[in-house]
Amino acid sequence: MLKKLVLTVLGLGIVLPVQAFDKTQMNLNQDFWGTWSVYSPNAQCTETYQFSKPGQFTYTAKQKKMTGDFAILVNPDVKILDVLTMQIKTDNKKAGCTNQTVDYTNKDVNLSLKWISAKTAELCMDRRAGKQCTGLYLIKQK
């Protein structure tokens with residue numbers, strides 16, 4: 001019985017550690033363009049981002065619509081997260097997922113990206129090891 005328990009624990013120890021995604025396998029200059037979404041289970045709401053060349057985006061969520069410029073600040077150090085930075089140019093001043101009307105016109109929004117795969121990144125508040133993450137995921141749709 002003890003032998004089975006030890007083998008089970010050792011087996012789980014081998015299976016549980018998951019290899020982190022190596023962001024150097026991605027080419028953001030080619031792969032980032034298109035439609036991405038973030039689903040917030042608390043608000044039961046989806047935010048949609050359309051990223052287009054040369055560096056514009058459109059954001060929609062419920063009645064909210066914003067447009068502006070964006071860039072991905074890529075750090076070659078795999079321990080430091082990349083940052084999606086967006087400069088809001090227009091905001092229709094309607095309610096989005098928070099159900100509050102906030103005007104983001106001429107504001108900058110920065111989101112740290114902890115890459116899970118080439119098409120999924122967890123949104124984080126810190127740039128280092130990604131220990132202050134939100135549990136919300138930016139997911140590529142098309």
Student: Under the rule for salt bridge (Lys or Arg N to Asp or Glu O under 4.0 Å), what residues qualify as partners of Asp108, not counting sequence neighbours?
Tutor: none

Student: Give the minimum heavy-atom separation between Asn75 and Leu81, together with the two atoms involved.
Tutor: CB-O, 4.4 Å

Student: For Phe57, check ring-ring contact (aromatic ring centres under 6.0 Å, His included) against everything at least two apart and list the hits.
Tutor: none

Student: Flag the pair Ile72 / Leu113 as yes when at least one side-chain heavy-atom distance between them is below 4.5 Å, and no otherwise.
Tutor: yes

Student: If you compare all heavy atoms of Ala95 against all heavy atoms of Lys62, which two are closest, and at what distance to 0.1 Å?
Tutor: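 Closest pair (atom of Ala95, atom of Lys62, distance): O-CB, 3.9 Å.
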
Student: Check salt bridge (Lys or Arg N to Asp or Glu O under 4.0 Å) between Lys94 and all other residues, then give those that pass, not counting sequence neighbours.
Tutor: none

Student: Could you report the tightest heavy-atom contact between Lys114 and Cys133, atom names first, then the distance?
Tutor: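 That closest heavy-atom pairing would be CD-SG, 3.9 Å.
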
Student: Less than 4.5 Å apart, side chain to side chain, heavy atoms only: is that true for Asn92 and Gln63?
Tutor: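 No, every pair of side-chain atoms sits at 4.5 Å or beyond.
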
Student: Looking at every heavy atom in both Glu122 and Ile116, which two are closest together, and how far apart are they?
Tutor: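 That closest heavy-atom pairing would be N-CG1, 4.1 Å.
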
Student: Output all residues satisfying side-chain contact (heavy atoms from CB on, under 4.5 Å) with Thr105, sequence neighbours left out; order by chain, then residue number.
Tutor: Asp91, Lys93, Asp103

Student: Give a yes or no on whether Val74 and Val83 share a hydrophobic cluster (residues Ile, Leu, Val, Met, Phe, Trp, Tyr; joining criterion: side-chain heavy atoms under 4.5 Å apart).
Tutor: no

Student: What distance separates Leu111 CG from Leu138 CG, expressed to the nearest 0.5 Å?
Tutor: 8.0 Å

Student: With the side chain counted from C-beta on, respond yes when Ile139 and Thr120 share a heavy-atom pair under 4.5 Å apart, and no when they do not.
Tutor: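 When only atoms from C-beta onward are counted, Thr120 and Ile139 do touch, with a gap below 4.5 Å.
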
Student: Has the side chain of Lys64 got a donor or acceptor atom that lies under 3.5 Å from a matching backbone atom of Val102?
Tutor: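 The answer is yes, because a donor-acceptor pair under 3.5 Å joins these two groups.
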
Student: Under 4.5 Å between any side-chain heavy atoms of Gln56 and Thr67, yes or no?
Tutor: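 Not touching, per the 4.5 Å side-chain cut-off.
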
Student: Nearest 0.5 Å, what's the CG-CD distance between Asp69 and Gln87?
Tutor: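 Between atom CG of Asp69 and atom CD of Gln87 there are 6.0 Å.
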
Student: Report the residues that fulfil side-chain contact (heavy atoms from CB on, under 4.5 Å) with Thr134, sequence neighbours left out, ordered by chain and then residue number.
Tutor: Leu123, Met125, Leu136

Student: Got a second to check how far Cys124's SG is from Asp82's CG, nearest 0.5 Å?
Tutor: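 If I round to the nearest 0.5 Å, the distance is 11.0 Å.
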
Student: Measure the shortest side-chain to side-chain distance between Met86 and Tyr59 over non-hydrogen atoms and say whether it is less than 4.5 angstrom.
Tutor: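 No - every pair of side-chain heavy atoms lies 4.5 Å or more apart.
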
Student: Is the count of non-hydrogen atoms from other residues, nucleotides or ligands lying under 6.0 Å from Lys65 atom NZ greater than 12?
Tutor: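 For Lys65, atom NZ is not crowded (no more than 12 foreign heavy atoms under 6.0 Å).
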
Student: Identify every side-chain donor-acceptor pair in residues 33-42 under 3.5 Å, counting partners at least two apart or on other chains, and give the distances.
Tutor:
{"unit_1": "Trp33", "atom_1": "NE1", "unit_2": "Asn29", "atom_2": "O", "d": "2.6"}
{"unit_1": "Thr35", "atom_1": "OG1", "unit_2": "Gln50", "atom_2": "OE1", "d": "2.3"}
{"unit_1": "Trp36", "atom_1": "NE1", "unit_2": "Phe32", "atom_2": "O", "d": "2.8"}
{"unit_1": "Ser37", "atom_1": "OG", "unit_2": "Gln141", "atom_2": "NE2", "d": "2.8"}
{"unit_1": "Ser40", "atom_1": "OG", "unit_2": "Ala43", "atom_2": "N", "d": "3.4"}

Student: List the steps and the verdict of side chain to side chain contact (heavy atoms under 4.5 Å, CB included) for Thr90 and Met66.
Tutor: CA-CA 5 Å; Thr90 65; Met66 299 185 296; 5.7 Å; no

